[in-house]
Peer 1: 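Below you'll find the structure I mean.
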Amino acid sequence: MAEIIQRDGTWAFDGTTVRITPGLHRSVPLFRQTYGEIAVPLEAVAGVAFEPERRRGRLRMRLREGADPLLQATGGRLPEGSDPYRLAVDTDRAGVAAYLAEEIRRALLLDQVPKEPVTAYLLPGPPVPVSVRTSDGTVSFDGGRVRIDWSDTSERVKRATGPRVIDVDDLVQVEWLPNSRSEDGCLRFVTRETVFSALPPEKDPYALDLWGSARRDLLTALVATAVTARLPHPSTRLGAAPVGRSPARVPAPAGDHDVLLRRLRELGDLYREGVLTDEEFARTKAAVLRGFRPARPGVSSAGPVRCVRCSATSAGS
């Protein structure tokens with residue numbers, strides 16, 4: 001076995017799997033500590049290199065395109081310290097790091113692992129259920145449904161629509177952009193009905209506007225990854241998306257009607273006060289009505305895409 005132990009974490013290779021374990025030092029980013037150990041099968045690896053530097057070197061691993069839902073969800077936008085496939089190496093351990101990289105490259109050659117994109121995820125992503133509290137609300141995912149509960153600081157238009165519950169079968173993709181010092185981030189769940197929505201994240205009832213603690217908001221990548229791992233693989237999206245059968249309709253609980261009317265009245269008030277434009281009112285009203293579709297029987301409540309809406313909004317703020 002080849003292994004290197006550093007302050008930021010440990011990489012160990014047994015010939016078939018590279019185990020990446022985050023370090024316990026307080027300097028290790030919260031995201032890495034929370035994501036935990038990652039077991040990378042050799043067939044998911046495209047390459048590995050050690051880059052020596054004067055003070056500290058870097059071990060870098062490249063995975064085959066489409067192999068990891070984390071990379072698919074985050075699109076290479078994780079800060080370097082939070083990226084599990086990079087490891088800072090002290091100068092006195094440079095020889096060990098170079099040996100580890102060479103052992104992995106030799107195994108790739110012997111096993112003739114191709115570098116081409118894969119057609120299915122080779123890593124599972126984080127376990128569920130997973131829940132993250134953000135500046136805009138709390139987002140949870142139980143493996144079948146996403147739920148967003150808005151915070152008191154969310155825009156009135158979001159609070160007026162009430163909690164958002166989205167079946168994973170209704171999702172097309174997840175858009176994620178980290179909260180940085182220069183711009184806000186967002187986590188947006190794209191459904192077949194909202195794929196062309198132009199609402200900014202602060203008013204979009206399917207998006208979380210990430211403007212608070214960058215350290216904690218980065219944990220939304222856990223939810224983005226868990227959901228992405230359960231969506232159809234990107235390689236299947238080249239053709240037409242399969243259309244499933246519509247679930248049988250069942251009568252909605254009587255109390256839902258009163259809640260629906262109250263939320264529509266609240267939206268009407270926001271529109272009359274000028275908080276919402278004509279287009280925003282129409283889209284938000286449609287989102288509220290979609291949210292009151294009868295639940296599916298037997299289901300309990302609970303390639304990287306640049307988040308254009310988020311970045312465009314941040315740039316204009």
Peer 1: For the side chain of T191 and the backbone of E193, is there at least one donor-acceptor N/O pair under 3.5 Å apart?
Peer 2: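 Yes, T191 side chain to E193 backbone: donor-acceptor pair under 3.5 Å.
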Peer 1: Flag yes if L108 and W11 sit in one hydrophobic cluster, no otherwise; membership is Ile, Leu, Val, Met, Phe, Trp, Tyr, and two members link when side-chain heavy atoms are under 4.5 Å apart.
Peer 2: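 Linked, L108 and W11 end up in one cluster.
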Peer 1: If you count every heavy atom of other residues, nucleotides or ligands that lies below 6.0 Å from R215 atom CZ, does the total exceed 12?
Peer 2: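 Counting neighbours around CZ of R215, 12 or fewer heavy atoms of other residues, nucleotides or ligands fall under 6.0 Å, so no.
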Peer 1: T228 and T225: side-chain donor and acceptor closer than 3.5 Å?
Peer 2: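 Looking only at side-chain atoms, T225 and T228 do not form any donor-acceptor pair under 3.5 Å.
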Peer 1: Around R56, counting heavy atoms of other residues, nucleotides and ligands shown, do more than 12 lie under 6.0 Å from its CZ?
Peer 2: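 Check passes, neighbour count above 12.
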Peer 1: When you measure from the side chain of Q173 to the backbone of F189, do you find a donor-acceptor pair of N or O atoms at a distance under 3.5 Å?
Peer 2: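 Checking the backbone N and O of F189 against the side chain of Q173, no donor-acceptor pair under 3.5 Å is found.
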Peer 1: Taking salt bridge (charged side-chain N to carboxylate O under 4.0 Å, His left out) as the test, write out the residues that go with D217, two or more places apart.
Peer 2: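 In terms of salt bridge (charged side-chain N to carboxylate O under 4.0 Å, His left out), with neighbours along the sequence ignored, D217 is linked to no residue.
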Peer 1: Hey, is the main chain of G212 close enough, under 3.5 Å, to the side chain of S135 for a donor-acceptor pair?
Peer 2: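 Side chain of S135 to backbone of G212: a pair is present.
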Peer 1: Examine distances only and state if a side-chain atom of D90 and a backbone atom of R93 form a donor-acceptor pair shorter than 3.5 Å.
Peer 2: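 Not a single qualifying donor-acceptor pair exists.
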Peer 1: Under a 4.0 Å N-O cut-off, is there an ion pair linking E37 with R32?
Peer 2: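 No salt bridge links E37 with R32.
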Peer 1: Is there a path of hydrophobic side-chain contacts, each under 4.5 Å between heavy atoms of I/L/V/M/F/W/Y residues, joining V168 to Y121?
Peer 2: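 In one cluster: no.
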Peer 1: Got more than 12 heavy atoms from elsewhere within 6.0 Å of CZ, R216?
Peer 2: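 No.
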Peer 1: For R145, does its backbone N or O pair with a side-chain atom of D142 as donor and acceptor, under 3.5 Å?
Peer 2: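 Flag set: sc D142 to bb R145 pair under 3.5 Å.
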Peer 1: Taking the six-membered ring of Y206 (Phe, Tyr or Trp), confirm whether the NZ or CZ of R188 is under 6.0 Å from its centre and within 45° of its axis.
Peer 2: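 No, cation not above the ring by the 6.0 Å, 45° rule.
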Peer 1: Surrounding CG of L24 (heavy atoms of other residues, nucleotides or ligands, distance under 6.0 Å), is the total greater than 12?
Peer 2: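 No.
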Peer 1: Taking W150 for the side chain and K158 for the main chain, is one N or O donor matched with an acceptor at less than 3.5 Å?
Peer 2: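 Side chain of W150 to backbone of K158: a pair is present.
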Peer 1: Please report the shortest heavy-atom distance between S82 and L78, naming the atom on each side.
Peer 2: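 Taking S82 first and L78 second, the nearest heavy atoms are O-CD1, 4.1 Å.
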Peer 1: Regarding R106 and E103, does a basic nitrogen lie under 4.0 Å from an acidic carboxylate oxygen?
Peer 2: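 Salt bridge flag = yes for E103 with R106.
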Peer 1: Could you tell me if D136 and S154 have a donor-acceptor pair between their side chains, going purely by distance under 3.5 Å?
Peer 2: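 On atom types as modelled, these side chains qualify, holding a pair under 3.5 Å.
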Peer 1: Run the salt-bridge test on D8 and R86 with the 4.0 Å N-O cut-off and return the result as yes or no.
Peer 2: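 Not counted as a salt bridge, because no side-chain N and carboxylate O are separated by less than 4.0 Å.
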Peer 1: One thing to verify: whether E80 and R58 come together as a salt bridge, which I'm taking to mean a side-chain N less than 4.0 angstrom from a carboxylate O.
Peer 2: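 The answer is yes: the pair qualifies as a salt bridge.
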Peer 1: Is any side-chain heavy atom of V45 closer than 4.5 Å to a side-chain heavy atom of V113?
Peer 2: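 Heavy-atom side-chain distance check fails, nothing below 4.5 Å.
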Peer 1: Determine whether T74 and W176 satisfy the following criterion, side chain to side chain donor-acceptor pair (under 3.5 Å), listing intermediate values before the conclusion.
Peer 2: CA-CA 6 Å; T74 59; W176 181 82; over 6 Å; no
Peer 1: Please say yes or no: joined through hydrophobic side-chain contacts below 4.5 Å, possibly via intermediate residues, are L199 and W211 part of one cluster?
Peer 2: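 Different clusters.
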